[in-house]
Amino acid sequence: MKSVFAIILFTVTIPFSLSASIYSDTIIHTVNIQFSYSRSIFPSSWLIAEINATGERILPEEINRTKLIMKAALSKYPDSLLSKELRAVYFLRSMSMYNVGFGGTNSNDAVYLTNDGKEHGYTDWYIEQTFHHEFSSILYRNYPFLLDTVAWKAANITSFDYNDPEGGVGAIRKNKSSQKLDTTLCRIGFLTQYAYSGIENDINSIAENLFKPADGFWYAVTHFPRINEKVQLLIAFYHNINPVFTKNYFKKLN
């Protein structure tokens, strides 16, 4: 009982300046990295009753680790690209929309990511992959003319049609959103279960592995022609955005 009271008292008497410093936002490679939380971080269109975007402030003990993860992730892009395409990355402990929990999402110029600690599966690798996943959506929207989507769809098995009218939300809701690399699916052109819920999710699944490859990713590229075709198309997409992005460049990333 005594130790509980001491903790409560300490919490109440933390100076506001110290509390603010714990959650101080920062800039990494031109991008605002934000840990403070209010619903105002979300676009106003996400606050309507149908979507009802909500979040929970990240735990203070996760902030320093998160900063290191983002330094590694953002260093893989030219600063000139980041300053043009990405205004901010918001970190939360949890986030939901449509009454569904999200690990990450994106707006026109910002990425929203969750981190609830390694013990709950939020490893450094997972968080970085999720960042690249979400940022690829922003780039795909901003440069749709740079990706040959006809050739992309042709890499799928005959008569395949992406099957989630909710653009991935339905897959999450139905617990069909695994992002684990699946060699059975690779044979028909998809890295993961989530990839076949929509073309954007398919693109995301390749992008996250180009920048932070899962074990077996480059093996899949070599051994499954449909995956190889999509990888070559996405490398060409990134190369057209900035010439630094080549196959050799991506092969050196880890």
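Keep in mind that what you see is a predicted model, and the values were worked out from it rather than measured.
- Distance alone, capped at 3.5 Å, is enough to place a donor-acceptor pair between the His223 side chain and the Tyr219 backbone.
- Between the CG atom of Asn204 and the OG atom of Ser197 there is a distance of 9.0 Å, given to the nearest 0.5 Å.
- In this structure, Glu200 and Ser137 approach most closely via the heavy-atom pair OE2-OG, 2.6 Å.
- Looking at every heavy atom in both residues, Gly104 comes nearest to Leu113 through CA-CD2, 4.2 Å.
- Counting heavy atoms from C-beta outward, Tyr112 and Phe102 have side chains that stay 4.5 Å or more apart.
- Counting only residues at least two apart or in different chains, side chain to side chain donor-acceptor pair (under 3.5 Å) contacts with residues 37-53 comprise Ser38-Ser40, Arg39-Asn52.
- The side-chain contact (heavy atoms from CB on, under 4.5 Å) with Leu234 is formed by just one residue from the set Ile206, Asn209, Asp202; it is Ile206.
- In this structure the side chain of Arg93 never reaches within 4.5 angstrom of the side chain of Tyr122, judged on heavy atoms.
- Taking the side chain as every heavy atom from C-beta outward, Thr192 and Asp182 never approach each other to under 4.5 Å.
- Residues Thr123 and Glu128 fail the side-chain proximity criterion, which asks for heavy atoms closer than 4.5 Å.
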Intermediate values then yes/no, salt bridge (charged side-chain N to carboxylate O under 4.0 Å, His left out), Arg65 and Glu62: CA-CA 6 Å; Arg65 182 172 72 96; Glu62 287 299 325; 2.7 Å; yes
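- Residue Leu147 is not grouped with residue Val150 when hydrophobic side chains (ILVMFWY) are merged at heavy-atom distances under 4.5 angstrom, including chains of intermediate members.
- Scanning all heavy atoms of the two residues, the minimum distance from Ala220 to Leu191 falls at CB-CD2, 4.4 Å.
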Worked check of side-chain contact (heavy atoms from CB on, under 4.5 Å) between Ile28 and Val89: CA-CA 10 Å; Ile28 300 175; Val89 179; over 6 Å; no
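- The CH2 atom of Trp152 lies 11.0 Å from the CD atom of Gln232; values are rounded to the nearest 0.5 Å.
- Annotation for Asn242 and Ser80: closest pair ND2-OG, 4.2 Å, computed over non-hydrogen atoms.
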Side-chain donor-acceptor contacts of residues 243-253 below 3.5 Å, not counting sequence neighbours, with atom names and distances?
from	atom 1	to	atom 2	distance (Å)
Thr246	OG1	Tyr249	N	3.1
Tyr249	OH	Lys76	O	2.7

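- Ala155 approaches Glu229 most closely through the heavy-atom pair CB-CG, 3.9 Å.
- Between Ala53 and Leu47, the shortest heavy-atom contact is O-CD2, 3.9 Å.
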Full working for side-chain contact (heavy atoms from CB on, under 4.5 Å) between Ile127 and Phe131: CA-CA 6 Å; Ile127 293 168; Phe131 167 74; 5.9 Å; no
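- Ile157 and Leu233 fall within a single hydrophobic cluster, where Ile, Leu, Val, Met, Phe, Trp and Tyr are joined by side-chain heavy atoms under 4.5 Å apart, directly or via other members.
- Residues Val111 and Val31 fail the side-chain proximity criterion, which asks for heavy atoms closer than 4.5 Å.
- Every side-chain contact (heavy atoms from CB on, under 4.5 Å) that Lys84 has, sequence neighbours left out, goes to Tyr143.
- Side-chain contact between Pro213 and Trp218 is present, with heavy atoms from C-beta onward closer than 4.5 Å.
- One finds the OG1 atom of Thr66 at 12.0 Å from the NZ atom of Lys71 (value rounded to the nearest 0.5 Å).
- For Phe160 and Tyr162, the ring centers sit closer than 6.0 Å to each other.
- Going from atom CZ of Phe135 over to atom CG of Asn106 covers 10.0 Å, rounded to the nearest 0.5 Å.
- Residues Asn32 and Ile27 meet the side-chain proximity criterion, which asks for heavy atoms closer than 4.5 Å.
- A cation-pi contact, defined as under 6.0 Å to the ring centre and within 45° of the axis, is absent between Lys212 and Phe217.
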Leu68 and Asn64: CA distance, side-chain angles, deciding distance, side-chain contact (heavy atoms from CB on, under 4.5 Å) verdict: CA-CA 7 Å; Leu68 293 175; Asn64 285 337; 5.9 Å; no
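- You'll find the side chain of Ile41 reaches within 4.5 Å of the side chain of Leu92, heavy atoms only.
- Rounding to the nearest 0.5 Å places OG of Ser94 at 12.5 Å from CZ of Arg57.
- Counting heavy-atom neighbours within 6.0 Å of Arg187 CZ, excluding the residue itself, gives a total of 12 or less.
- The only member of His132, His29, Glu85 that meets side-chain contact (heavy atoms from CB on, under 4.5 Å) when paired with Tyr77 is His132.
- Tracing side-chain contacts under 4.5 Å through hydrophobic residues (I, L, V, M, F, W, Y), one reaches Ile188 starting from Leu181; they form part of the same cluster.
- Put simply, the side chain of Arg87 never gets that close to the backbone of Asn108: no donor and acceptor are under 3.5 Å apart.
- In the hydrophobic clustering of this structure, Tyr140 groups with Phe145; members are Ile, Leu, Val, Met, Phe, Trp, Tyr whose side-chain heavy atoms approach within less than 4.5 Å, directly or through other members.
- Distance check: Ser136 OG to Asn201 CG gives 9.5 Å after rounding to the nearest 0.5 Å.
- Cluster membership check: Phe91 shares its hydrophobic cluster with Trp125, using side-chain heavy-atom separations under 4.5 Å among Ile, Leu, Val, Met, Phe, Trp and Tyr.
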